[in-house]
Amino acid sequence: MKKRIQYLTQLVSLEILVTAVFFLLSLFLFFYLVHEAVYERGDILDTRVIQFFSAHSSPALISAMKTITFFGSNVFLFPAYLVIIAWQFLKNRGLRGIRIAVIAISSTATIFLLKQLFHRQRPQLPIIRGITGYSFPSGHSVSSFIFCTILIYLAWKTRLARLPKYLLMFFLFCCPFAIGLSRIILNVHYTTDVIAGYCLAIVWVTASFAIIKGTSKNNPPGAGLPLV
């Protein structure tokens, strides 16, 4: 029993350490990008990436990216969240549904506020027309990363066999990066917008889970992700 307690203590300590490292690194990189890309207007990385994709894009690739980028839009995510939250309530997991809703709404509000704060203009000559609003950070990157993180958690909680579960989780892990890439290829976001979006999403997810875990009585040490 004593050894088990020691093992759990070490496991929790490692989990906290890893989470803290990811949180701090993501926060540091986000503010570094704010300084370099927004305030100092450094554009070396953004310009080189735009030039690369301008030279190597094809009609088929553009068409695929237009499809992929849809899954990071509010047109898809809003009803998807409603379905997930409604399903949680139907399964008598109302608290989990409320927590998911709070994470989704608070992150969306934060994206809007940050865009208004930084006022970074979007790239010129976007392939998708009619997009308004500011560029930094990429809302598609933030929202899709948070959404897929929640889906990964829900997939982990299922009773699927190990291989299908891991394959599904790997697919969900890759989705936000495909969506972020689509925003760059379609020239509606700079690369730094997308990277900053991922950093913000990591900060938001880790902070949200830490707050939930710290205020929940149903998550003992070693319980893992705390949306239950």
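For this chain, numbers begin at 1 and follow the sequence in order. Keep in mind the model is a prediction, meaning the values are calculated, not measured.
- Within the 3.5 Å criterion, the main-chain N or O of F53 finds no donor-acceptor partner in the side chain of H56.
- The shortest side-chain heavy-atom distance between I62 and L186 falls under the 4.5 Å cut-off.
- Each of F78 and F76 belongs to its own hydrophobic cluster when Ile, Leu, Val, Met, Phe, Trp and Tyr are linked at side-chain heavy-atom distances under 4.5 angstrom.
- When the side-chain hydrogen bond (donor to acceptor under 3.5 Å, both in side chains) test is applied to D46, the partners found at least two apart in sequence or on another chain are R120, T192.
- The local environment of CZ in F118 is crowded, with over 12 non-hydrogen atoms from other residues, nucleotides or ligands closer than 6.0 Å.
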I would like to know whether R48 and T191 meet side-chain contact (heavy atoms from CB on, under 4.5 Å); could you show each step before the answer? CA-CA 10 Å; R48 288 181 178 178; T191 302; over 6 Å; no
Chi angles and distances behind the side-chain contact (heavy atoms from CB on, under 4.5 Å) call for I85, F89: CA-CA 6 Å; I85 294 168; F89 275 92; 3.7 Å; yes
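- Taken together through direct or relayed side-chain contacts under 4.5 Å among Ile, Leu, Val, Met, Phe, Trp and Tyr, I146 and V102 form part of one hydrophobic cluster.
- Side-chain contact between T158 and L168 is absent, with no heavy atoms from C-beta onward closer than 4.5 Å.
- Atom CG of L181 sits about 7.5 Å away from atom CG of L61, to the nearest 0.5 Å.
- Other residues, nucleotides and ligands contribute only 12 or fewer heavy atoms inside 6.0 Å of the OH atom of Y32.
- Between Q88 and R99, the closest side-chain pair of non-hydrogen atoms is not below 4.5 Å.
- In terms of heavy-atom proximity, S141 sits nearest to G197 at CB-CA, 4.1 Å.
- Between F177 and Y198, the distance from one ring center to the other falls under 6.0 angstrom.
- Each of S26, S107, S106 was evaluated against W204; a single residue qualifies, S106, per the side chain to side chain donor-acceptor pair (under 3.5 Å) test.
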Derivation and outcome, side-chain contact (heavy atoms from CB on, under 4.5 Å), residues L77 and T108: CA-CA 11 Å; L77 292 177; T108 301; over 6 Å; no
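- Checked by atom type and distance alone, the side chain of T206 pairs as donor or acceptor with a backbone atom of V203 at under 3.5 Å.
- To the nearest 0.5 Å, atom CG of residue L172 and atom CD1 of residue I150 are 11.5 Å apart.
- Note that the SG atom of C199 and the CZ atom of F23 stand 12.0 Å from one another [nearest 0.5 Å].
- Residue F70 qualifies as enclosed at atom CZ: its count of foreign heavy atoms under 6.0 Å is above 12.
- Using a distance-only test at 3.5 Å, with no hydrogens or angles considered, a donor-acceptor pair links the side chain of K165 to the main chain of W156.
- With contacts defined as side-chain heavy-atom distances shorter than 4.5 Å, the pair L151/I84 qualifies.
- I152 and L167 fall into different hydrophobic clusters, defined by Ile, Leu, Val, Met, Phe, Trp and Tyr side-chain heavy atoms under 4.5 Å apart, directly or through other members.
- In the hydrophobic clustering of this structure, F112 does not group with L114; members are Ile, Leu, Val, Met, Phe, Trp, Tyr whose side-chain heavy atoms approach within less than 4.5 Å, directly or through other members.
- You'll find the side chain of V188 stays beyond 4.5 Å of the side chain of T69, heavy atoms only.
- Residues V34 and Y39 are in side-chain contact: their nearest non-hydrogen atoms beyond the backbone lie under 4.5 Å apart.
- Remark: I44 CD1 is loosely packed, at most 12 non-hydrogen atoms of other residues, nucleotides or ligands lying under 6.0 Å away.
- From I68, atom CD1 reaches atom OG of S63 across 10.0 Å, with rounding to the nearest 0.5 Å.
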side-chain contact (heavy atoms from CB on, under 4.5 Å) assessment of I50 paired with Y190: CA-CA 8 Å; I50 288 174; Y190 295 106; 3.9 Å; yes
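- Taken from OG1 in T149 to CZ in F209, the straight-line distance is 7.0 Å, to the nearest 0.5 Å.
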Tell me which donor-acceptor pairs under 3.5 Å the side chains of residues 123-135 have, and how far apart each pair is, sequence neighbours excluded?
from: S135; atom 1: OG; to: H189; atom 2: ND1; distance (Å): 3.2
from: S135; atom 1: OG; to: D193; atom 2: OD2; distance (Å): 2.2

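- Rounding to the nearest 0.5 Å gives a distance of 14.0 Å between CG of L200 and CD1 of I195.
- Under a hydrophobic clustering in which Ile, Leu, Val, Met, Phe, Trp and Tyr are joined whenever their side-chain heavy atoms come within less than 4.5 Å, directly or via other members, V142 and V75 fall into the same cluster.
- The shortest heavy-atom contact between A196 and F30 is O-CD1, 3.4 Å.
- Under the 4.5 Å side-chain criterion, counting only non-hydrogen atoms from C-beta, K157 is not in contact with R93.
- Contact check for I179 versus F145: no side-chain heavy atoms found under the 4.5 Å cut-off.
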